[in-house]
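Written below as structure tokens is the structure these notes are about.
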Amino acid sequence: MSAINRSESPLTLWRCPNKYKKLDELHKEIRREKRSIISVGNSIPPLIKSFKRLGVPRDIRKILKKMHIRKPTSLQMQALPAILIGRDTLMMSLTRSGKTLAFCLPLIMGSFEEEHRMNFIEGEGPVGLIVVPSRELAYQIYKFILKIIDEARNYPKIRVILCIGGVDMKHQMEILRQGVHIIISTPGRLSDMLAKHKIFLAHCKAIVLDEADRLLDLGFEDDIRIILSHARPACQIILSSATIPKKIQEFSRQAMKDPIFINLSRQSLSKLKLTQEVEYAGHDQKLLKLLETMQKTNPPILIFCENKIDADKIERFLYEKRIDVACLHGGKEQNERTQAIKDFNRGKLDVLAATDVAAKGLNFYNVRHIINFDLPKEIDSYIQRVCRAGKRAVITTYLSYNLDKLLLCDLKHFLEDSRQNIPIELEGILDGEDEQVTREGNCAYCKLPDHRRSSCPTLQQERLKSLLPI
Ligand SMILES: Nc1ncnc2c1ncn2[C@@H]1O[C@H](COP(=O)(O)OP(=O)(O)OP(=O)(O)O)[C@@H](O)[C@H]1O
């Protein structure tokens, strides 16, 4: 291990430009409101609207441009300055809001700076660690980072490795021995490597927990605690999560220091201009309905279901109808899963039937139709699924007859928030809670028009505030 202490200084030397520093709180807040951003915490940096002002080096901006990334997304405008100044950050937003770039870019910039300052030597590093719940997601992020650094020819060479099950570790270990800047891993494999003293986090400056809600859902809590216990207390923690369930609240209270919470509210989804429809269907009718439902659009069509059995059943049924289909779930071999995603994204498959867990965090391109074979148990999972859709896609959801009224109520409110006509099937569902809207149709919480309690920005901000460590 190295003799220099790399861990006490922040990830990057980036400082907020003076022009932005001078903005008063009111103006910062107005800019956030315009972009449906809610930020909570002490001394939150302002939104910064260009990669140039964010200090992203010119060559990297050129590479991003080639990837059709010209300006930061709303989330990145807030998250990048927060992460770049070294603050613990929790990003809560829907999928496709650009969270991955928001944490990858600072790690890449930080690694370049480190390597520029002093070459990494044998056994040194990592500067940054990214922990994700699935191998596919790890691979996707790995490829994304490689794409950027491989093209950055005028910058010092930085090394990235994948530390996940199913990958030959021999080559990765070789790179590790040369000194590594960024590690992308799944929790099980990483805690194993830490226990065997093959990886050290003593000099790690930032740890990212991507899809943090899913990491905890999948029971990786103990692994995460072990991983964090190997890091220095000064290590920056970055969490990305689509929802903030209780476990995340507790976790962030314990693990994060003076954090900034950033929430991109749901209204931003309305930009996708989706058509969302629901149909009642008994369990036995669903397969038969499927062919008719699929006629609504051209492929690619993504079918979501809650369990592996249904995913397999759908695959078999459509295969017999000579449709190019595959399924994606935890019971499939890694190479089958990778192949299915590749084929679907390249247009070789018309239909992919997937469970939520398997599809979590993956990017699918230009999906025209999402069919929810069943309504997930939580509205957040429904929203996650919807986020996989391309622009102007159709979302069809099969509702069973015995669904929880509150869940249907959540669905109805979500459709209202996304400016959808309420399907006749949901019209009869009473708000039940007069608390949702006042008699004048205003938000029952802040009494302002144009939104409901379920999407009230003031309420969301107050909820986030309550999550902050005391
Ligand atoms: N500033 C940007 N401008 C244009 N495209 C972008 C920008 N940032 C990211 N993208 C692209 O948008 C897509 C989704 O981004 P990304 O995967 O970072 O979203 P995410 O919020 O992490 O989603 P998920 O929760 O699904 O992981 C990717 O194809 C990415 O390359």
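When a ligand or atom number is given, it counts from 1 through the structure's own listing order.
- Inspection of the His181 and Glu114 side chains reveals no N or O donor paired with an N or O acceptor under 3.5 Å.
- With rounding to the nearest 0.5 angstrom, the CD atom of Glu25 is 6.5 Å from the CZ atom of Arg32.
- For Arg214, no heavy-atom contact with ligand 1 is shorter than 4.0 Å.
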Listing, residues 296-310 side-chain donor-acceptor contacts under 3.5 Å, not counting sequence neighbours, or none:
from, atom 1, to, atom 2, distance (Å)
Lys296, NZ, Glu277, OE1, 2.6
Lys296, NZ, Glu279, OE2, 3.4
Lys296, NZ, Thr396, OG1, 2.9
Thr297, OG1, His369, ND1, 3.4
Glu306, OE1, Lys377, NZ, 3.0
Asn307, OD1, Ile309, N, 3.2
Asn307, OD1, Asp310, N, 2.8

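- For ligand 1, the atoms lying closer than 4.0 Å to a non-hydrogen atom of Pro72 are 1 (N).
- Under 4.0 Å is where a charged nitrogen must lie from a carboxylate oxygen, and between Glu151 and Lys147 no such pair does.
- Of the possible donor and acceptor atoms, one in the side chain of Arg87 sits under 3.5 Å from a partner among the backbone N and O of Ser43.
- At under 3.5 Å, a nitrogen or oxygen of Lys99, whether backbone or side chain, sits near a nitrogen or oxygen of ligand 1.
- Annotation for ligand 1: atoms under 4.0 Å from non-hydrogen atoms of His68 are 4 (C).
- With a 4.0 Å heavy-atom cut-off, ligand 1 is reached by the backbone of Lys71 but not by any atom from C-beta on.
- Of the possible polar contacts, none joining the Gln276 side chain to the Leu415 backbone as a donor-acceptor pair under 3.5 Å is found.
- Considering backbone and side-chain N/O atoms, Gln140 never comes within less than 3.5 Å of an N/O atom of ligand 1.
- Remark: ligand 1 and Leu137 share no N or O pair separated by less than 3.5 Å (distance only, no angle test).
- Those atoms of ligand 1 that come under 4.0 Å of a heavy atom in Ser97, given as number and element, are 19 (O), 20 (P), 21 (O).
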Show which side-chain atoms of residues 152-167 pair as donor or acceptor with protein atoms under 3.5 Å away, not counting sequence neighbours.
from, atom 1, to, atom 2, distance (Å)
Asn154, ND2, Asp59, OD2, 2.7
Arg159, NE, Gly179, O, 2.5
Arg159, NH2, Gln178, O, 3.1
Arg159, NH2, Gly179, O, 3.2

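- For ligand 1, the atoms lying closer than 4.0 Å to a non-hydrogen atom of Leu101 are 8 (N), 18 (O).
- Heavy atoms of Glu211 found under 4.0 angstrom from ligand 1 belong exclusively to the side chain.
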